[in-house]
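Below is one structure, written out as structure tokens; comments come after it.
We're numbering straight along the sequence, starting at 1.
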Amino acid sequence: MNGAAPPAIAGRQQRAAAGGAPRCLPLRSAPAPPMAAGRRAPPEPGGGPVLLQGIFGAGPAPGAAACSLWLTARELQVRRAGGCPGGSAGTDAALRLADCVGSAAFPAAAAAACFSLVCYPLRGPRWGPPARQRLERTFRVSRAPDAEGNLRIAQAWSRRIRELAVPAVPAQDGDSYGVLPRPCHALVLLNPQSGSGRALDDFQAVVQPMLAEADIATTVFITERPHHAHEKVRDEDLSQWDTLVVVSGDGLLFEVVNGLMERPDWKEAMKKPLCILPGGSGNALAASINYYAGYDHVAKKKLLTNCTFILCKGLYTQMDLVSLSTASGKRFFSFLGFGWGFISDVDIDSEKYRWLGSARFTLGTLQCLAKLRVYQGRLSYLPVAAEQGSAPAPRDVPAPVTNGRVPEPAGTEAPGSPPPDSLLVPLGQPVPPHWTVVPEEEFVLVYAIYQSHLGTNLLMAPAARLHDGCIHLFYMKAGISRVTLLKLFLAMSRGTHLDLNCPHLSYVPVRAFRLEPRVAAGIMTVDGEALACEPVQGQVHARLCRVLSGS
């Protein structure tokens with residue numbers, strides 16, 4: 001399904017106003033009406049200087065009560081007539097521009113004009129985490145003697161509000177941040193079968209209205225089969241879109257990332273900011289980004305609203321990817337994690353309960369605990385603290401293919417070939433001597449994760465960040481009891497599992513790892529997608545793509 005997003009905000013106000021759609025007038029500066037003669041200028045609200053001030057109607061209808069507005073770099077202060085910022089008397093509201101996603105100006109009846117803004121402040125019940133709730137305020141301008149003059153004033157306020165609502169780009173050494181342009185065009189890739197099957201309904205009910213308010217137009221691509229999104233982004237001309245938005249679980253984003261990496265112009269394509277909106281069961285990256293943005297833990301539609309708000313604000317940063325190579329010659333790029341053993345068993349075995357949403361993982365965990373398995377293999381890794389001086393792979397050893405494409409030997413990469421794995425030697429050779437080889441060879445699970453969350457309710461690596469250059473490697477040795485394993489997973493919902501000091505659970509930040517199963521037993525997964533059980537190794541590639549992050 002392809003289609004444009006609904007028109008930007010204020011459609012409802014425009015329909016109510018006489019004269020229909022606003023005329024296009026120049027957005028030149030128009031000063032706010034001066035304060036009455038002899039009246040003292042108000043103190044600076046919100047800790048900053050007043051940029052615009054004026055007296056307007058507190059609503060779109062004629063005869064609405066008057067209110068005083070003071071606009072600063074951080075907020076719009078609204079006072080009932082006679083109120084003054086800095087005092088409690090007459091206080092109406094202080095609308096934070098950090099919560100604002102859009103503003104519009106339009107003509108109104110009787111030669112007046114209006115401007116409105118839409119905010120999503122965090123509000124919460126007495127118990128439980130706060131959630132973003134929509135708040136729209138409209139103000140009537142009737143100070144000028146003619147309609148065009150009033151509309152110019154309304155446009156000046158609306159334009160200034162939009163400018164101030166753009167998030168500030170953090171100034172941090174080595175970090176690359178950016179903000180989506182306005183207006184913005186997004187390609188939305190949506191899997192209607194993901195999770196409990198409500199992704200399309202939730203997109204239409206929650207996401208599209210918010211994007212329209214933020215002046216983000218959408219082209220919606222509904223996937224119809226596996227690898228459909230992979231093929232779309234691999235072959236499509238992406239220049240017409242400013243961002244690629246995935247509405248699904250983590251598996252569809254895995255398709256998108258690997259489709260982009262197969263393009264001859266992958267370096268340029270990976271500069272296109274990606275956005276994940278949770279529509280699946282696990283939603284690990286969405287939960288991680290919510291966590292990185294400093295928001296409280298939420299799930300379902302509250303998490304979807306938070307992630308859509310992040311998209312509306314438009315701030316993006318870089319994200320690490322991990323290159324995974326298998327003994328059969330396949331190569332993938334992963335953004336979330338690689339697993340073998342218990343966690344992967346739960347993920348894949350619970351697929352038949354997909355209709356339960358995230359509750360499928362609880363049921364799958366109980367079932368896998370009842371038939372707890374042990375897997376035999378060798379685990380090796382390059383710790384973050386180790387000197388990274390591994391020798392390059394010999395030129396006469398066949399290099400792993402990247403989804404069917406064979407990269408050139410290191411140092412002679414053809415233009416358009418994917419980045420080489422400079423920390424790895426071929427799987428047929430021993431790991432370099434400065435690597436660590438785990439002495440035990442019987443495991444309940446091995447999981448290499450690069451984000452904070454393994455699922456909406458599983459905070460596995462609290463220290464992880466989008467571009468920390470680390471693979472957070474967890475492994476659990478055989479001998480752990482079912483009761484202890486259950487306690488660890490319950491603690492993981494709060495991110496406190498390492499505080500239990502379980503002797504069977506080990507954690508180490510690494511740059512690269514290798515896993516060599518003794519026999520082809522058990523399930524392997526990458527970003528929630530099943531792999532054949534075989535030797536595999538991977539290394540981190542720092543800041544290889546960009547993602548909407550909110551912070």
Side-chain angles (χ1 to χ4, degrees), residues 322-330 332 334 337-349 365 368-386 390 393 400 421 423-450 454 460-461 470-489 492 497-498 500-526 530-540:
V322 169
S323 166
L324 295 170
S325 303
T326 69
S328 61
K330 296 179 181 178
F332 305 99
S334 166
F338 164 84
W340 181 50
F342 183 84
I343 291 175
S344 297
D345 292 346
V346 170
D347 194 0
I348 301 304
D349 288 353
T365 298
C368 289
L369 277 173
K371 51 180 181 180
L372 190 61
R373 306 182 182 114
V374 172
Y375 300 96
Q376 296 180 331
R378 176 177 296 176
L379 177 64
S380 312
Y381 58 82
L382 173 63
V384 167
S390 57
D421 291 329
L423 301 179
L424 305 178
V425 297
L427 277 164
Q429 297 181 6
V431 296
H434 59 292
W435 282 44
T436 299
V437 178
V438 177
E440 295 85 6
E441 293 194 354
E442 290 190 331
F443 303 96
V444 171
L445 68 86
V446 174
Y447 209 92
I449 189 170
Y450 347 120
L454 179 60
M460 189 172 191
C470 288
I471 298 171
H472 300 266
L473 180 62
F474 292 81
Y475 58 95
M476 187 178 292
K477 294 167 285 190
I480 189 170
S481 69
R482 290 176 173 82
V483 172
T484 302
L485 181 55
L486 182 59
K487 287 180 179 179
L488 284 170
F489 272 82
M492 197 181 293
H497 46 292
L498 292 177
L500 299 180
N501 296 316
C502 174
H504 295 88
L505 178 63
S506 298
Y507 159 68
V508 58
V510 306
R511 302 289 189 203
F513 71 95
R514 176 186 287 185
L515 178 62
E516 300 167 282
R518 187 172 298 174
V519 295
I523 298 172
M524 287 184 170
T525 55
V526 53
L531 294 178
C533 184
E534 59 180 329
V536 63
Q537 62 183 3
Q539 77 159 68
V540 65

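- Screening Y375, F474, F513 against W340 for a ring pair (Phe, Tyr, Trp, His ring centres under 6.0 Å) leaves a single residue, Y375.
- Between V438 and Y381, the closest side-chain pair of non-hydrogen atoms falls below 4.5 Å.
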The test is side-chain contact (heavy atoms from CB on, under 4.5 Å); show your working for V446 and I343 and say whether it passes. CA-CA 8 Å; V446 174; I343 291 175; over 6 Å; no

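- No side-chain heavy atom of V540 sits less than 4.5 Å from a side-chain heavy atom of Y450.
- Atom NZ of K330 and atom OG of S325 lie 12.5 Å apart (nearest 0.5 Å).
- For the atom pair I449 CD1 and C470 SG, the distance stands at 13.0 Å (nearest 0.5 Å).
- Residue pairs that meet the salt bridge (Lys or Arg N to Asp or Glu O under 4.0 Å) test with at least one member in residues 473-487, sequence neighbours left out, do not exist here.
- A donor-acceptor pair under 3.5 Å is absent between the side-chain atoms of R514 and the main chain of L424, judged by distance alone.
- Considering only heavy atoms from C-beta on, V444 stays 4.5 Å or farther from H504 through its side chain.
- Closest approach of G377 to F443, counting heavy atoms only: O-CE1, 3.3 Å.
- By the 4.5 Å heavy-atom criterion applied to side chains, Q376 and P517 are not counted as neighbours.
- Of the possible polar contacts, none joining the E440 side chain to the M476 backbone as a donor-acceptor pair under 3.5 Å is found.
- Counting heavy atoms from C-beta on, the side chains of L488 and I480 come closer than 4.5 Å.
- Looking at heavy atoms from C-beta onward, H497 lies out of side-chain contact with Y507 at the 4.5 angstrom threshold.
- Residues forming a salt bridge (Lys or Arg N to Asp or Glu O under 4.0 Å) with R518 (at least two apart in sequence, or on another chain): E441.
- Under the 4.5 Å side-chain criterion, counting only non-hydrogen atoms from C-beta, L515 is in contact with L379.
- Here the shortest heavy-atom pairing between V431 and S380 reads CG1-CB, 3.9 Å.
- Rounding to the nearest 0.5 Å gives a distance of 10.5 Å between CG of L473 and OG1 of T436.
- How far CE of M460 is from CE of M492: 4.5 Å, rounded to the nearest 0.5 Å.
- Under the 3.5 Å distance criterion, the side-chain polar atoms of T525 are left unmatched by any main-chain donor or acceptor of S344.
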Please assess Y447 against L454 for the test side-chain contact (heavy atoms from CB on, under 4.5 Å), listing each intermediate value before the final yes or no. CA-CA 10 Å; Y447 209 92; L454 179 60; 3.3 Å; yes

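- From T326, atom OG1 reaches atom CE of M524 across 9.5 Å, with rounding to the nearest 0.5 Å.
- A donor-acceptor distance shorter than 3.5 angstrom exists from the side chain of Q539 to the backbone of L423, with no hydrogens or angles considered.
- More than 12 heavy atoms of other residues, nucleotides or ligands sit less than 6.0 Å from atom CZ of R373.
- Under the 4.5 Å side-chain criterion, counting only non-hydrogen atoms from C-beta, L531 is in contact with F332.
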